[in-house]
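Step one of this worksheet: look at the structure below.
What you are looking at is a predicted structure, and each value in this text was computed from that prediction instead of being measured.
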Amino acid sequence: MLKRKIVYLFFFCVTITSSAQDSFDSIDTLVMLNEVSINSYRFDQFSEGSKHQQIDSLSKSNHFSSSLAEALNSLSTLYLKSYGYNGNTTVSLRGTTAAQTAILWNGINLQDPLNGGTNLELIPLQVIDKISIQYGGSGALYGSGAIGGAILMESKATFSSGQKAAIELGTGSFGSYSAYAAIHNGGKKIASSIRIFYRQAENDFPFINTQQFGHPKMKLSNSASEYIGLSQDSRFWIAKNQQINTHLWLQRTNRELPPNMSALVSKQSQKDDVLRFTADYTLTKTKMDWMLRAAFLSSKLNFNDSLSGVFAEHKSQSAILETEVNYKTRDNHLANLGIHERIDWGVSSNIANKSQRNNLALLLNYKIWTPDKSLQFSTSLRQELIDNAWSEPTPTIGFNYHFKNHFQLSGKIARNYRQPTFNDLFWQGGFAKGNPDLHAETAWAEDLAIQYFRSENLNSYNFSITAFNSYVKNLILWIPVEGIWMPMNQKEVWARGLEVDFKFHRKTDKARLGLEIHYSYNPSTIEKKAENESSEILKKQLIYTPKQQAKALLTLEYKKYQSSIEQLFVGKRYTVADNSSWLKSYGLTNIILKKSFSKNNYDYGIGFRLNNLFNQKYQSMRSYVLPGRNFQLNIYFNFI
């Protein structure tokens, strides 16, 4: 039934868009001002001193029919904690937990108010046009949950791009099939983009069960999955300096949850439904622009275990209203003032009453730069009123300094925080109980980076070294208290390290060569333990946090041919707090081959991806298996 509704909605939106396109474009042409991406304006303009990594369109296109988790795992030094196929996949950025990395879609934080997490495996790449990562916390810009950093996703329609359509079909190992269709309509005053995506897989891959006697060869069972969804983006010039943008994202996921290696059978399944909508109005003038945005998020999770007779339902909703003013006080001064109101609701089988949180945030950002822009300095301050109680302010100060000889020095100091989730505060049942007296997790973080960049003739180089430091206090940990598990603010963690990034590109008339290398060294240790924990865990590396990671991407394009090699290395990860047990380091090699063709008003192509070339046996989380060698094959058609 949902599939039918999505298809109906797809054709309805296409019809309305085409009709509106014709009527609006018949109006006399207006002179448009330069476009401003209001979704990321504050994040781009006031993030001096922060390290940014943007996933370019070529790297993104290598991950056809993939999720955001799969792309980030290959292209960044984020560590993805995967609980096997169909399980949750969460991110660890600079030694932080999943709830300490903000996930934003068109400026809206998607972290669930119930558990604080976002399952990156459930985010298809097809609904995202731009992906960027900010390393290091900036609570003043992003609010709660950005202690480690933020992942920023944007989707938008494009003006003056004409009418386009795209179809993509894919298949792969373990009974996987995918389909994607999109229509883009870009006029001078109205632009619209609508996309439908579908993916299913049996995921019944073979593996060696090292947790069972004799290490038998088995096939993963109870692991089928199905994803279906729709996204729609629209942009309207209602005057030469006024614009309205809307974004809609609907998705349903049905997943069987396979057993881990220590279990023999599983009959668990989970259904996830999401609805995400945001709309904003922008007024642009010579020295000022004003934004008003409203958003609504709804998430519903149904968990079923027919073996144990357990059924649980969890719902969360968020209503968001934001307004910001950007004002250029002088030629080299920029100010930003904002008020953000967010109301979260949560309903769960394990929460006695409907939970609600009202968060009112006041923002002040200011930026100044020299006439030649060699020195840029910004400062930000966020103050929140949470359920009529003032939180501690979160300031940030950062700078970028460009030397004349291709070098740049950057630095930042920021205070960051994370509010307890509804589960932390109000959970009931299963020998566990929430703690309404919890304090927010807090952290001071510092970054310092040196960067060298140069472009000459056919070559371009970019090399950077970043040192970072973060100390987290009031870390929320669930511990047993008189036989009942409760969350307490009793731990402190020190995360620090170095990140090295190198990019090289060479481009000629017929060929392009690209090389990217990313390396991170990240000690993250427990500096203060909980009352019931052994002193043996002090100064030890956090569990499932590798000290070392490296990722590399080599790409060669010649005429209509393209080949790429992705190489991943993940260091040893400890599985217990005293570091007495661990998972071995591993390396993965992936190969991508593509060929494109052009004819008349359309182009088409074929892509082949071979993952885990050397059939490496590895685990991200202990006892949760991941597949060996596997492939993906896709064909696409673009119509202009």
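For the residue pair Lys267/Asn304, the side-chain donor-acceptor check at 3.5 Å is not satisfied. With 3.5 Å as the limit, one finds a donor-acceptor pair spanning the side chains of Arg496 and Thr525. Remark: the Ser76 side chain and the His518 side chain contain no N/O donor-acceptor pair separated by less than 3.5 Å. A side-chain donor from one of Asn611 and Arg609 sits under 3.5 Å from a side-chain acceptor of the other. Remark: the Tyr519 side chain and the Gln548 side chain contain an N/O donor-acceptor pair separated by less than 3.5 Å. No hydrogens or angles considered: nothing links the side chains of Glu557 and Thr555 as a donor-acceptor pair under 3.5 Å. A donor atom on one side chain and an acceptor atom on the other are not found under 3.5 Å apart for Glu154 and Asn106. For the 3.5 Å distance criterion, the side chains of Glu566 and Ser564 fail to qualify, holding no donor opposite an acceptor. One side chain, Asn260 or Ser262, offers a donor N or O that lies under 3.5 Å from an acceptor on the other. Residues Thr421 and Asp424 have side chains that bring a donor and an acceptor to within less than 3.5 angstrom of each other.
Ion pairing between a basic and an acidic side chain is recognised when a charged N comes within 4.0 Å of a carboxylate O; Arg199 and Glu226 show no such pairing. Using a 4.0 Å cut-off between charged nitrogen and carboxylate oxygen, Glu533 and Lys491 count as a salt-bridge pair. Salt bridge status for Lys412 with Asp447: absent, with no side-chain N to carboxylate O gap under 4.0 Å.
For Tyr471, the OH atom sits in a packed shell: over 12 heavy atoms of surrounding residues, nucleotides or ligands are nearer than 6.0 Å. Atom CD of Glu536 sits in a sparse spot, with 12 or fewer heavy atoms from other residues, nucleotides or ligands closer than 6.0 Å.
Of all non-hydrogen atoms in Leu58 and Arg512, the two that sit nearest each other are CD2-NH1, 2.9 Å. Smallest separation of non-hydrogen atoms from Gln111 and Thr101: NE2-O, 3.0 Å.
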**Request:** Begin from the C-alpha positions of Leu152 and Ile133 and carry the test side chain to side chain contact (heavy atoms under 4.5 Å, CB included) through to its verdict.
**Result:** CA-CA 6 Å; Leu152 311 175; Ile133 306 166; over 6 Å; no
**Message:** Could you walk me through whether Tyr452 and Phe463 satisfy the ring-ring contact (aromatic ring centres under 6.0 Å, His included) test, starting with their C-alpha distance in whole Å, then the side-chain angles of each, then the deciding distance to 0.1 Å, before giving a yes or no?
**Reply:** CA-CA 5 Å; Tyr452 173 80; Phe463 176 78; 8.2 Å; no
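Relative to the six-membered ring of Phe468, Arg94 meets both conditions, a distance below 6.0 Å and an angle of at most 45° to the axis.
A distance-only check finds a donor-acceptor pair linking the side chain of Thr508 to the backbone of Ala511 [under 3.5 Å].
Residue pairs that meet the ring-ring contact (aromatic ring centres under 6.0 Å, His included) test with at least one member in residues 544-593, sequence neighbours left out, are Tyr586-Tyr618.
Residues Asn612 and Thr589 form no side-chain contact, since every pair of their non-hydrogen atoms from C-beta on lies 4.5 Å or further apart. Using a 4.5 Å heavy-atom cutoff, the side chains of Leu104 and Tyr142 are in contact. Residues Asn302 and Asp272 form no side-chain contact, since every pair of their non-hydrogen atoms from C-beta on lies 4.5 Å or further apart. Proximity of Thr575 to Arg573: side-chain heavy atoms (C-beta onward) are nowhere separated by under 4.5 Å.
With sequence neighbours left out, the salt bridge (charged side-chain N to carboxylate O under 4.0 Å, His left out) criterion links Arg629 to no other residue.
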